[in-house]
Peer 1: 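Encoded as C-alpha cells, here's the structure I'll be asking about.
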Amino acid sequence: MNVSPPVNLQELVRRANALSGITLQQLANQVNITVPSSTHSAKGWAGNLLEIALGADAKNAPEPDFRKLGIELKTIPIDKNGKANESTYICIVQLDPGELKDWDTSLVKAKLNKVLWIPIEGDKDIPLSLRRIGTPVLWKPDVNEEKQLRQDWQELCDMIVMGEIDKISSSMGKYLQIRPKAANAKALTKNKNQYGETKATLPRGFYLRATFTQSIIGSLNDND
DNA sequence: GCGTGATCATAA
DNA sequence: TTATGATCACGC
C-alpha cells in the first residue's frame, strides 16, 4: 500500500486523528506490514509505520517528514499515566563550523519548526501489536520555548566550533542535549574546528529531554 | 559511513 | 528509578 502525502495541514491532522485509539496491529494491517515480536531489534518500527500510514515523504533526508507542509512527525512512547518514557531524537549533530553559525538556518530549528507528536503506549508489559496509538498533538515552540532551545543549541554549538566536542556531556542543555548517535561506540566521523583542523570523533545527535517532551504532550492522567 | 526511525542497558 | 551512553535496522 502506498499512501500519498497529505495535501495540506488539515488533511494530515484528519489522518492522524483517524488513527487515534487503534492498535499498532490494526494499523499494520491497514498498510499490509507485519508487526515484529518486540522492539528489541526493531527500534524505529512504530515510527516508520506511522510515516508510511500518514504519507511522509522525506525518507531519510535531513528534512521535516512532510516536506511540503514543513512538518516533522514524531512518535513518542508513553507509560500508563501518559508520561513520556524516552528522550526524542531530533537530528544528527553537524560537525563543521560552517553549518553551526546560525540557529535560524540550523537543522534543529528546521526539524522543530512544527511537529506532529503521536503518543503510543510504550510499557514493556504490553505486546507491541496491542499498543494503542494516542491523540496527536500539533506543536510549534512558543516564544519562550524557542528562546531556550536556541540558547541550548548556541551553547553546545559554540563548544563544537571551539573544538571542544569531547567536553560535551549529555547533562548539558535544559531542553536539548547531545548524545551518541552511531552504530556503536567505535564509529567515527570527521569533526572540523574553527581553524579548519579535522579530527575523528564519535557521531552524535541532538535529542529533546523527556521532561521537555512531557510538557508538550501533557499528562492524560495524574493519578496513580 | 551518513542520516533516518528510535529504544536498550546499566551506572549512578 | 532515571538519565547517560550504547546500540539496532534500514536505504543508499
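Hydrogens, waters and symmetry mates play no part in the numbers below; they use all other heavy atoms, side chains included. Chain identifiers are assigned alphabetically (A, B, ...) following the order of the sequence lines, protein sequences preceding nucleic acid strands; residue numbering begins at 1 within each chain.
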Peer 1: In this structure, how many angstroms lie between the P atom of B/dG5 and the CG atom of A/Leu208, rounded?
Peer 2: 12 Å

Peer 1: In this structure, how many angstroms lie between the P atom of C/dT4 and the CD1 atom of A/Ile168, rounded?
Peer 2: 14 Å

Peer 1: Does C/dT4 have OP1 or OP2 sitting under 4.0 Å from an N or O in the side chain of A/Ser169?
Peer 2: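 Checking C/dT4 against A/Ser169, no side-chain N or O comes under 4.0 Å of OP1 or OP2.
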
Peer 1: Rounded to the Å, how far apart are A/Asn48 CG and C/dC10 P?
Peer 2: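 Going from A/Asn48 (CG) to C/dC10 (P), I get 10 Å.
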
Peer 1: With a cut-off of 6.0 Å (strictly less than), are more than 12 heavy atoms of other residues, nucleotides or ligands near CZ of A/Arg132?
Peer 2: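 No, the 6.0 Å shell around CZ holds no more than 12 heavy atoms from other groups.
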
Peer 1: Side chain of A/Arg179, heavy atoms from C-beta onward: which of C/dT7, C/dT4, B/dC2 has the nearest atom to it?
Peer 2: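 When the side chain of A/Arg179 is considered, C/dT4 is the closest of C/dT7, C/dT4, B/dC2.
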
Peer 1: Let's test your reading of the model: under 3.5 Å, does the base of B/dA6 pair with the side chain of A/Tyr207 as donor and acceptor?
Peer 2: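 A donor-acceptor contact between them is present.
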
Peer 1: Closest approach to the side chain of A/Ser87, judged atom by atom: which nucleotide of B/dT4, C/dT4, B/dA6 is it?
Peer 2: C/dT4

Peer 1: Would you compute the distance between atom CG of A/Leu95 and atom NZ of A/Lys192 and round it to the nearest 0.5 angstrom?
Peer 2: 11.0 Å

Peer 1: Between A/Lys59 and A/Ser171, which has a closest nucleotide on DNA chain C that is more 5'?
Peer 2: A/Ser171

Peer 1: What is the distance, rounded to the nearest whole Å, between atom CD of A/Gln94 and atom P of B/dT4?
Peer 2: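 Atom CD in A/Gln94 sits about 9 Å away from atom P in B/dT4.
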
Peer 1: Of the options C/dT7, C/dT4, B/dT7, whose atoms approach the side-chain atoms of A/Thr39 most closely?
Peer 2: B/dT7

Peer 1: Could you give the CD-to-C1' distance, from A/Glu51 to C/dA9, as a whole number of Å?
Peer 2: 14 Å

Peer 1: Grab the CD1-P distance between A/Ile178 and C/dT4 for me, whole Å please.
Peer 2: 13 Å

Peer 1: Does a nitrogen or oxygen in the side chain of A/Tyr89 sit under 4.0 Å from OP1 or OP2 of B/dT7?
Peer 2: no

Peer 1: A/Glu121 CD to B/dT7 P: how many Å, rounded?
Peer 2: 14 Å

Peer 1: If I take atom CD in residue A/Glu63 and atom C1' in nucleotide B/dT4, what distance separates them, rounded to the nearest angstrom?
Peer 2: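 For the pair A/Glu63 CD and B/dT4 C1', the rounded distance is 12 Å.
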
Peer 1: Just to be sure I understand the rule, does A/Gly44 reach a base, reach only the sugar-phosphate, or reach nothing, if contact means heavy atoms closer than 4.0 Å?
Peer 2: base

Peer 1: Should the pair A/Glu145-A/Lys140 be classified as a salt bridge under the 4.0 Å nitrogen-to-oxygen rule?
Peer 2: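 So A/Glu145 does not pair with A/Lys140 through a salt bridge.
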
Peer 1: Among the nucleotides B/dC2, C/dA9, C/dT7, which one has an atom lying closest to any side-chain atom of A/Ser41?
Peer 2: C/dA9

Peer 1: Under 4.0 angstrom, heavy atoms only, what part of the nucleic acid is A/Lys124 near: base, sugar-phosphate, or nothing?
Peer 2: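 Here A/Lys124 touches the backbone only, sparing every base.
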
Peer 1: Considering only C/dT2, C/dT7, C/dT4, which nucleotide approaches the side chain of A/Lys83 most closely?
Peer 2: C/dT2

Peer 1: In terms of side-chain geometry, is the basic nitrogen of A/Lys174 or A/Asp152 positioned less than 4.0 Å from the acidic oxygen of its partner?
Peer 2: no

Peer 1: Look at all strands and tell whether A/Asp65 reaches a base, only sugar-phosphate, or nothing, counting heavy atoms closer than 4.0 Å.
Peer 2: sugar-phosphate

Peer 1: Closest to the A/His40 side chain: B/dG3, B/dA9, B/dT7?
Peer 2: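 Of B/dG3, B/dA9, B/dT7, B/dA9 is nearest to the side chain of A/His40.
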
Peer 1: Pick the closest DNA chain B nucleotide for A/Cys91 and for A/Ile76 by heavy atoms, then say which residue is nearer the 5' end.
Peer 2: A/Cys91

Peer 1: Hey, does A/Ala182 reach any base, or is it just sugar-phosphate, or nothing, if we go heavy atoms under 4.0 Å?
Peer 2: base

Peer 1: For C/dA3, take OP1 and OP2 only and decide whether either is under 4.0 Å from a side-chain N or O of A/Gln177.
Peer 2: no

Peer 1: For A/Arg204 and C/dG5, is the shortest distance between a side-chain N/O and OP1 or OP2 below 4.0 Å?
Peer 2: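 For C/dG5, OP1/OP2 do not have a side-chain N/O of A/Arg204 under 4.0 Å.
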
Peer 1: Can a salt bridge be assigned to the pair A/Lys74 and A/Glu72 using a cut-off of 4.0 Å between side-chain N and carboxylate O?
Peer 2: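 Salt bridge flag = yes for A/Glu72 with A/Lys74.
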
Peer 1: Got a donor-acceptor contact below 3.5 angstrom from the A/Asn144 side chain to the A/Lys147 backbone?
Peer 2: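 Not confirmed, A/Asn144 side chain does not pair with A/Lys147 backbone.
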
Peer 1: With a 4.5 Å cut-off on side-chain heavy-atom distances among I, L, V, M, F, W and Y, is there a chain of contacts connecting A/Ile126 to A/Ile133?
Peer 2: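 They do not share one cluster, since no chain of ILVMFWY contacts under 4.5 Å joins A/Ile126 to A/Ile133.
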
Peer 1: Side chain of A/Pro62: nearest nucleotide among C/dA9, B/dA6, B/dG3?
Peer 2: B/dG3

Peer 1: Taking atom types as they are modelled, is there a donor-acceptor pair under 3.5 Å from the base of B/dG5 to the side chain of A/Lys181?
Peer 2: yes

Peer 1: Hey, does A/Glu72 reach any base, or is it just sugar-phosphate, or nothing, if we go heavy atoms under 4.0 Å?
Peer 2: sugar-phosphate

